[in-house]
Peer 1: 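Starting off with a structure, shown below.
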Amino acid sequence: MARRIIVTGGAGYIGSHVCVELLRAGGKALVIDNFANSSPKALERIRDIAGAGAELLRADLADANDAARIIDAVKAFRPDGAVHLAGLKAVGESVAEPVRYYSVNLPATFTLIRALEAANARMIVFSSSATVYGDLNASPVDETGAVGPTNPYGRTKLFIEEMLNDLARADARWKICNLRYFNPVGADPSGRIGEDPNGVPNNLFPFIAQVAVGRLPRLKIYGDDYPTRDGTGVRDYIHVCDLAAGHVAALDYLAREKAPGAQCFNLGAGKGISVLEAIAAFKRASNRDIPHEIAPRRAGDIAEIYAKPDRAQKLLGWRATRTLDDMCADHWRWQSENPNGYQD
Ligand code: UDP
């Protein structure tokens with residue numbers, strides 16, 4: 001199976017867990033990261049957890065000045081393919097600075113494609129997002145659902161998916177999996193790697209975790225008047241280790257299928273969880289209070305979305321197995337043992 005893998009953004013939250021999963025499966029990784037939103041310490045921790053099989057190239061895939069160096073390093077690594085996670089990912093920021101989002105996320109992908117062409121390794125597992133569905137579908141949503149992202153970040157994900165689809169249509173040597181992530185949470189059970197957002201977290205779980213550890217005073221629940229079972233927003237939270245295993249399953253699938261072309265898979269747990277349910281579960285796992293208050297809805301939020309993950313189960317032989325309690329316990333272990341993330 002595919003064993004030598006370029007991991008762009010491999011020091012980030014999801015990337016670090018993908019590296020661990022790859023190494024545990026006997027593979028090797030070349031991480032390409034500029035540490036714009038990640039820490040070199042993650043690489044040390046990956047080595048502690050899973051051995052020395054992850055090399056690092058510190059470079060910016062979106063910077064034309066780095067392209068030649070990246071292409072040379074990728075060729076020298078002799079990869080089987082790539083997991084492509086590098087990119088900007090904050091929804092709100094993308095609304096305020098759309099051109100920055102397009103001018104990072106798209107060119108980073110162009111450079112990766114050129115490098116893989118040069119290395120004759122035409123295989124990409126791409127980090128897409130359920131945000132491509134926007135609010136057009138009733139849940140559970142499957143991969144035939146209508147797409148219509150509601151912000152520039154989501155549009156970069158959709159455009160890259162479409163570009164990779166075109167690439168596979170134009171040249172049958174390309175093998176592509178677009179993985180549409182639902183809401184990744186949790187951490188490796190070692191507590192050594194996890195999510196370490198820059199500044200105040202936007203996402204629910206890192207925010208709850210920082211309240212539980214005393215770094216933030218209280219959580220704002222963005223709306224309790226949605227048409228959901230308790231009025232709060234419902235999402236499909238998936239343990240980041242399950243998500244990471246989905247990438248290895250996707251690489252195995254692409255390596256084993258003769259003509260997979262470009263494929264798209266939801267990676268979710270297939271279960272909707274409300275904000276109040278998430279808070280209650282985190283409280284149980286951490287044994288800490290999570291002070292919270294009801295606040296107005298957040299602009300651009302939708303009431304409910306969760307996955308129908310059957311296609312991944314059928315074709316990749318993958319499904320999420322970890323529970324909400326596992327997600328909370330592992331997220332809490334990371335947060336409580338590293339209250340300031342990777343900073344000392
Ligand atoms: N949420 C919240 N308070 C926060 C952050 C998020 O109530 O501080 C809610 C949000 O409205 C949504 C859910 O938690 O219903 C998940 O939000 P997140 O930003 O983590 O993921 P996304 O909305 O991108 O799916």
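Just so you know, residue 1 is the first one in the sequence shown, and it goes up from there. Both backbone and side-chain heavy atoms feed into the values below; hydrogens, waters and symmetry mates do not. Each ligand, and each atom within it, is numbered from 1 in the order the structure gives.
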Peer 1: Among protein heavy atoms, which sits nearest to atom 7 (O) of ligand 1, and what does the distance come to when rounded to 0.1 Å?
Peer 2: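 In this structure, atom 7 (O) of ligand 1 has Tyr222 N, 2.9 Å as its nearest protein heavy atom.
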Peer 1: Under a 4.0 angstrom heavy-atom cut-off, which atoms of ligand 1 come close to Ile221?
Peer 2: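 Listed by number with element: 7 (O).
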Peer 1: Can you tell which of His84, Lys157, Glu161 makes a side-chain hydrogen bond (donor to acceptor under 3.5 Å, both in side chains) with Ser128?
Peer 2: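 Going through His84, Lys157, Glu161 one by one, the side-chain hydrogen bond (donor to acceptor under 3.5 Å, both in side chains) with Ser128 is satisfied by Glu161 alone.
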Peer 1: Kindly identify the option in Glu304, Arg298, Arg218 whose heavy atom sits closest to atom 17 (O) of ligand 1.
Peer 2: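 Closest candidate by heavy-atom distance is Arg298.
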Peer 1: Out of Asn203, Val200, Ile273, who gets a non-hydrogen atom closest to atom 18 (P) of ligand 1?
Peer 2: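 Among Asn203, Val200, Ile273, the closest heavy atom to atom 18 (P) of ligand 1 belongs to Asn203.
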Peer 1: What atoms of ligand 1 come closer than 4.0 angstrom to any heavy atom of Gly233?
Peer 2: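 Within the 4.0 Å cut-off of Gly233, ligand 1 contributes 15 (O).
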Peer 1: Please write down residue, atom name and distance for the protein heavy atom closest to atom 10 (C) of ligand 1.
Peer 2: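 The closest one turns out to be Asp301 OD2, 3.4 Å.
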Peer 1: Between Arg69 and Asp72, is there a salt bridge with N-O shorter than 4.0 Å?
Peer 2: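 Salt bridge: no.
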Peer 1: Should you measure from each heavy atom of Leu219, which atoms of ligand 1 turn up under 4.0 Å away?
Peer 2: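 Those atoms are 3 (N), 4 (C), 8 (O).
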Peer 1: May I ask you to decide whether Arg333 forms a salt bridge with Asp330, counting only side-chain N to carboxylate O separations under 4.0 Å?
Peer 2: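 Salt bridge flag = yes for Asp330 with Arg333.
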Peer 1: Nearest protein heavy-atom contact for atom 3 (N) of ligand 1: which residue, which atom, what distance?
Peer 2: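 Minimum-distance protein heavy atom for atom 3 (N) of ligand 1 reads Lys220 O, 2.7 Å.
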Peer 1: Atoms of ligand 1 less than 4.0 Å from Asn183 heavy atoms?
Peer 2: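 Listed by number with element: 21 (O), 22 (P), 25 (O).
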Peer 1: Salt bridge check, Arg3 against Asp252: does any charged N sit closer than 4.0 Å to a carboxylate O?
Peer 2: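 Answer for the salt bridge query: yes.
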Peer 1: Tell me: protein heavy atom nearest atom 9 (C) of ligand 1, and distance?
Peer 2: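 So the nearest neighbour among protein heavy atoms is Val275 CG2, 3.7 Å.
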Peer 1: So, are Arg284 and Asp325 salt-bridged, with charged N and O less than 4.0 Å apart?
Peer 2: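 Yes.
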Peer 1: Do NZ/NE/NH1/NH2 and the carboxylate oxygens of Arg58 and Asp33 come within less than 4.0 Å?
Peer 2: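 Salt bridge between Arg58 and Asp33, a charged N being under 4.0 Å from a carboxylate O: no.
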Peer 1: Distance under 4.0 Å to a non-hydrogen atom of Asn202: what atoms of ligand 1 satisfy this?
Peer 2: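 What qualifies from ligand 1 is 5 (C), 19 (O).
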Peer 1: Would you call Glu257-Lys175 a salt bridge at under 4.0 Å N-O?
Peer 2: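 Salt bridge flag = no for Lys175 with Glu257.
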Peer 1: Less than 6.0 angstrom from the centroid, inside 45 degrees of the normal: does Arg4 satisfy that with respect to the ring of Phe77?
Peer 2: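 Output yes; distance and angle both within limits.
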Peer 1: Is Tyr237 close enough to touch ligand 1? Criterion: a residue heavy atom under 4.0 Å from a ligand atom.
Peer 2: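 Checking ligand 1 against Tyr237, which is what was asked, there is a heavy-atom contact under 4.0 Å.
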Peer 1: For atom 12 (C) of ligand 1, what's the nearest protein heavy atom and its distance?
Peer 2: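 For this ligand atom, the closest protein heavy atom is Arg235 NH2, 3.7 Å.
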Peer 1: Under 3.5 Å, N or O to N or O, is Leu204 touching ligand 1 that way?
Peer 2: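 Such a contact does occur with ligand 1.
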Peer 1: Using a strict threshold of under 4.0 Å (side-chain N to carboxylate O), is an ion pair present between Asp196 and Lys41?
Peer 2: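 Judged by the 4.0 Å cut-off on N to carboxylate O distance, Lys41 and Asp196 do not form a salt bridge.
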